[in-house]
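Atoms considered below: every heavy atom in the structure, side chains included; atoms not considered: hydrogens, waters and symmetry mates. All chains are named by letter (A, B, ...) in the order of the sequence lines, taking the proteins before the strands, and each is independently numbered beginning at 1.
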Amino acid sequence: MNIISILQQAVVQAVEHLYNHQTEAEKVLVNATPPDFTGDYSVVVFPFVKLAGKAPDQVAAEIGKHVQDHVPQVHAHNVVKGFLNLEIDESYWTNFLDSVVDNQHFGEQPRNGQKVMVEFSSPNTNKPLHLGHIRNILLGWSCSRILDAAGFDVVKVQVINDRGVAICKSMVSWKKFGNGQTPENSGIKGDHLVGDYYVLFENKTKEEYEAWQQTNAAKIIFEEKHKDGQSEQAFFKEYKNKWFNDHSVLGAEVRETLLKWENGDPEVIALWKTMNQWVYSGFDKTYNDLGVSFDKLYYESETYLLGKDIVDEGLQKGVFYRKDDGSVWIDLTDAGHDHKVVLRADGTSVYITQDMGTSRIRYEEFQPSRMVYVVADEQNYHFTVLFETLKRLGEPYADGLYHLNYGLVELPTGRMKTREGTVVDADDLVEEVTRIATEQSSERGEIENFDPAEQQELMRIIGMGALKFFIIKVHPKKKMIFNPEESVDMQGQTGPYVQYSFVRINKLLQRAEIENIDLGLRHGYTGIQPQEKELLLALHQYPAVVREAAEAYDPSLIANFCYALAKAYHRFWHDVKIFQAESQEAKAFRLALSKSVGQVLDHGMNLLGIEMPSRM
RNA sequence: GGCUCCGUAGCUUAAUGGAUAGAGCAUCUGACUACGGAUCAGAAGGUUAGAGGUUCGAGUCCUCUCGGAGUCACCA
């Protein structure tokens with residue numbers, strides 16, 4: 001059993017014995033003692049002061065004595081301002097080190113037999129992935145890894161939004177202006193090519209709209225429909241969607257294409273398949289660069305009709321109601337929400353209908369006890385409604401649904417906007433961070449004797465380490481300001497800082513190997529140094545951090561832990577002699593400690609999807 | 001306007017209701033003449049947006065105010 005639980009229980013017994021009061025072990029607060037005080041762990045005794053009817057210092061002293069008398073691992077205690085500081089015997093720490101040093105799985109929980117499904121990324125197929133997707137993907141991926149480490153069986157899925165107006169725009173645009181261009185004959189990555197035609201479509205539409213605004217038909221509509229005092233410019237800005245649906249030639253072509261697609265028109269389907277295929281091969285490359293993969297893909301083209309049977313059931317159960325026009329609704333006003341449409345008057349699905357349908361087929365296929373949706377917080381309301389609806393329908397999985405919402409990524413100049421061309425492309429970003437890493441590395445010249453392929457791989461690992469860490473270290477809920485320059489920083493609180501500590505350790509262990517040093521000699525070591533203790537305390541914390549990160553779906557906890565551990569290691573490395581240690585035992589102990597730190601850093605960063613370089 | 005989230009050093013951020021709010025960047029000083037300086041040490045920088053309240057104890061919980069974001073479509 002780990003020392004914190006032991007101490008908690010000892011305090012429970014002390015309180016019962018001294019004050020005749022029952023309390024729960026989990027409620028006893030045991031923290032790491034702050035560096036300025038003597039001790040390893042501190043117990044907060046304030047909660048017992050009142051029932052003891054004594055001064056805090058006296059209560060702390062009494063509990064301290066009782067704990068020290070009954071817990072062999074505690075060999076001293078002191079009291080400062082009502083805080084009880086306990087010193088743990090060295091043998092506990094040396095035993096602890098034994099349990100870590102060769103344990104590749106340290107920090108993981110036993111398998112719990114439960115399944116979790118994590119949905120993330122879920123792009124549209126009309127344009128390449130961008131910075132926003134990267135945050136989503138990194139969150140989804142690292143949560144998956146963390147949940148796995150916490151004992152769950154994780155199924156990683158994404159929904160490919162491969163149908164609808166957006167892809168039809170790219171198709172129409174390509175057909176009209178593409179002249180048979182392909183990724184092969186143009187050398188342009190498939191998702192970018194399709195995205196280019198999407199942008200072209202938007203530009204052509206804009207041109208068409210501007211020209212149309214000069215026509216008499218437009219003037220008449222403006223005269224008839226504008227609000228009092230509304231300028232022509234403001235009116236037409238608002239009117240754009242309506243225009244696109246009622247007057248635009250390009251708009252008509254898109255609708256026609258969409259209709260043909262729904263009717264299975266062979267030519268349209270063929271083009272759709274071709275262009276989506278281009279996009280998928282592009283996505284594959286990006287996913288590969290990011291080091292992520294999925295267990296199962298859901299294509300919207302195959303799921304967009306789902307959910308209608310659930311609507312029928314909902315009507316029968318009285319959860320839904322039908323309006324005169326035939327549309328179906330749910331009334332959520334008693335939960336502080338609105339009435340929400342779940343089926344259109346023409347009988348077709350809306351977004352939420354599909355989501356009801358897919359959640360059910362997922363449950364039927366995998367029986368996950370939890371389903372996590374990694375989706376930006378602009379969709380909070382949608383998920384609130386979705387989950388509430390599924391609950392009212394009595395779906396068996398409704399209680400295990402979780403929306404992992406995260407803040408949008410903004411640039412220092414504000415929100416990314418397609419129209420203003422400020423969207424940061426994922427592939428560009430990957431290339432950029434690798435380039436910066438290479439630049440920085442060549443200044444140092446550490447790896448110039450490596451062969452080029454190996455160098456490039458290292459540069460990718462370091463560059464991606466910087467980028468990923470920069471994004472993951474921020475709490476998911478927070479809107480994040482992405483400063484491109486800072487994202488490739490490699491000093492301070494960064495991925496490469498953590499990687500560097502690993503590289504240092506790696507180097508030490510290589511040398512230890514060459515010198516054939518017996519790490520077993522560490523058992524003769526006594527007199528643990530503060531810098532060593534700091535590392536042991538940090539390592540000791542790791543399993544709890546993994547558990548917390550899984551419970552809170554919060555990878556930033558792992559990132560911050562890794563940074564703190566790396567920082568403590570750098571300090572240790574600087575202050576304490578390892579190969580020049582005062583004894584063979586000290587040397588072996590420090591090497592074993594270093595090895596453990598390296599192992600845990602590697603494990604933790606791996607949970608974040610960050611690889612460790614052997615040299616840098 | 002309703003609902004939700006956010007407000008911590010110049011900037012980016014951390015802190016299960018617990019001790020003196022902890023880091024990094026930027027700024028200024030210093031450090032191994034062999035375990036790699038992508039490191040370490042130090043200085044300076046804070047009324048945790050503001051006001052009340054609960055508590056032995058509040059950045060954290062409650063109320064109000066101010067500021068910012070998102071959302072409130074038979075779009076996805």
Side-chain angles (χ1 to χ4, degrees), chain A residues 26 29 31 33-34 36-37 42 44-47 49-50 56 80-83 85 122 124 161 164-166 241 300 304 323 325-329 336-338 340-355 376-382 384-385 405 407-408 410 412 415 437 440-441 443-444 446 462 466 470 473-475 477-483 485-487 489-501 503-505 507-508 511-512 544 548 551-552 556-557 560 563-564 567 569-581 587 590-591 594 615-616:
Chain A
E26 302 83 64
L29 214 54
N31 295 325
T33 303
D36 298 347
F37 300 93
S42 300
V44 180
V45 300
F46 288 106
V49 166
K50 197 169 270 178
V80 182
K81 288 199 292 183
F83 287 87
N85 303 320
S122 297
N124 290 326
N161 298 297
V165 174
N241 272 341
E300 197 203 351
Y304 80 109
K323 281 192 182 174
D325 65 0
S327 59
V328 179
W329 296 72
H337 305 124
D338 267 329
K340 196 79 192 166
V341 70
V342 294
L343 197 71
R344 292 196 185 99
D346 64 6
T348 57
S349 302
V350 291
Y351 185 35
I352 199 166
T353 328
Q354 281 182 56
D355 271 359
D377 61 12
E378 39 182 8
Q379 295 195 33
N380 282 356
Y381 185 64
H382 168 74
T384 308
V385 170
N405 63 87
L408 290 180
E410 290 184 12
R415 215 173 150 166
Q440 305 242 338
S441 172
E443 282 173 21
R444 295 165 221 279
E446 270 300 321
I462 294 165
F470 182 78
K473 74 178 181 186
V474 180
H475 190 282
K477 281 243 161 64
K478 289 194 120 162
K479 170 182 90 181
M480 112 165 240
I481 312 288
F482 185 88
N483 186 327
E485 286 164 27
E486 288 172 14
S487 72
D489 274 353
M490 311 219 168
Q491 269 128 39
Q493 193 179 30
T494 66
Y497 175 96
V498 180
Q499 289 173 326
Y500 185 56
S501 58
V503 167
R504 283 182 150 172
I505 291 166
K507 200 70 184 298
L508 290 178
R511 183 170 159 188
E548 274 174 48
E551 269 166 31
S556 71
L557 291 173
N560 290 320
Y563 171 70
K567 188 174 165 60
Y569 188 78
H570 280 305
R571 200 196 330 268
F572 161 81
W573 190 91
H574 185 268
D575 292 353
V576 180
K577 298 287 179 213
I578 300 172
F579 276 95
Q580 281 78 44
K587 190 198 290 187
R590 286 166 196 163
L591 283 167
S594 297
R615 301 269 305 265
M616 62 193 286

Looking at every strand, decide which applies to [X] at a 4.0 Å heavy-atom threshold: base, sugar-phosphate, or nothing.
X	answer
A:L343	nothing
A:V44	base
A:N405	nothing
A:K577	base
A:N483	nothing
A:V165	nothing
A:H337	nothing
A:V576	base
A:Y563	sugar-phosphate
A:E410	nothing
A:S42	base
A:L508	base

Proximal nucleotide (of [options]) relative to the [X] side chain:
X	options	value
A:E378	B:U71, B:A38, B:C74	B:U71
A:R444	B:U71, B:A76, B:A38	B:A38
A:K507	B:G36, B:A15, B:U12	B:G36
A:P47	B:G18, B:U8, B:G36	B:G18
A:N85	B:U39, B:A19, B:G24	B:A19
A:I578	B:A23, B:A76, B:C35	B:C35
A:D575	B:C40, B:G37, B:A19	B:C40
A:V350	B:C74, B:U13, B:G36	B:C74
A:K50	B:A41, B:C56, B:A76	B:C56
A:P34	B:U39, B:C11, B:A19	B:A19

* For B:G37, does either OP1 or OP2 sit under 4.0 Å from a side-chain N or O belonging to A:R504? ->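 True: A:R504 side-chain N/O within range (under 4.0 Å) of B:G37 OP1/OP2.
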
* Asked: Phosphate oxygens OP1/OP2 of B:A14: is one of them under 4.0 Å from a side-chain N or O of A:K478?
  ->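 Yes.
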
Under the 5.5 Å and 30° test, is [X] stacked on the base of [N]?
X	N	value
A:F83	B:A19	yes
A:Y497	B:A38	no
A:F46	B:G57	no

* **B:C61 and B:G37, which share atom name C1', separated by this distance in whole Å** =>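 Pairwise C1' distance, B:G37 against B:C61, rounds to 46 Å.
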
* **Gap in Å between the two C1' atoms, one belonging to B:G50 and one to B:G59, rounded** =>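 Going atom to atom, C1' in each nucleotide, I get 14 Å.
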
* How far apart are the closest heavy atoms of A:G492 and A:Y563, and which atoms are they? ->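 That closest heavy-atom pairing would be O-CE1, 3.9 Å.
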
* Under 3.5 Å on both distances, the Watson-Crick or G-U partner of B:A19 ->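 Pair assignment: B:A19 / none.
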
* Asked: Is B:G7 paired to anything, Watson-Crick or G-U wobble with both distances less than 3.5 Å, and if yes, which nucleotide?
  ->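 The base-pairing partner of B:G7, which may sit in any strand shown, is B:C66.
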
* Can you check the A:H382 NE2 to B:C74 P distance for me, whole Å? ->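 One finds 14 Å between P of B:C74 and NE2 of A:H382, rounded.
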
* To do: Taking the six-membered ring for Trp and the full ring for Phe, Tyr or His, determine whether the centres of A:Y569 and A:F572 are under 6.0 Å apart.
  =>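 Yes, the ring centres sit under 6.0 Å apart.
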
* Asked: For the side chain of A:T494 and the base of B:A38, is some donor closer than 3.5 Å to an acceptor across the two?
  ->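 Looking at the base of B:A38, it does not pair with any donor or acceptor on the side chain of A:T494 (distance under 3.5 Å).
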
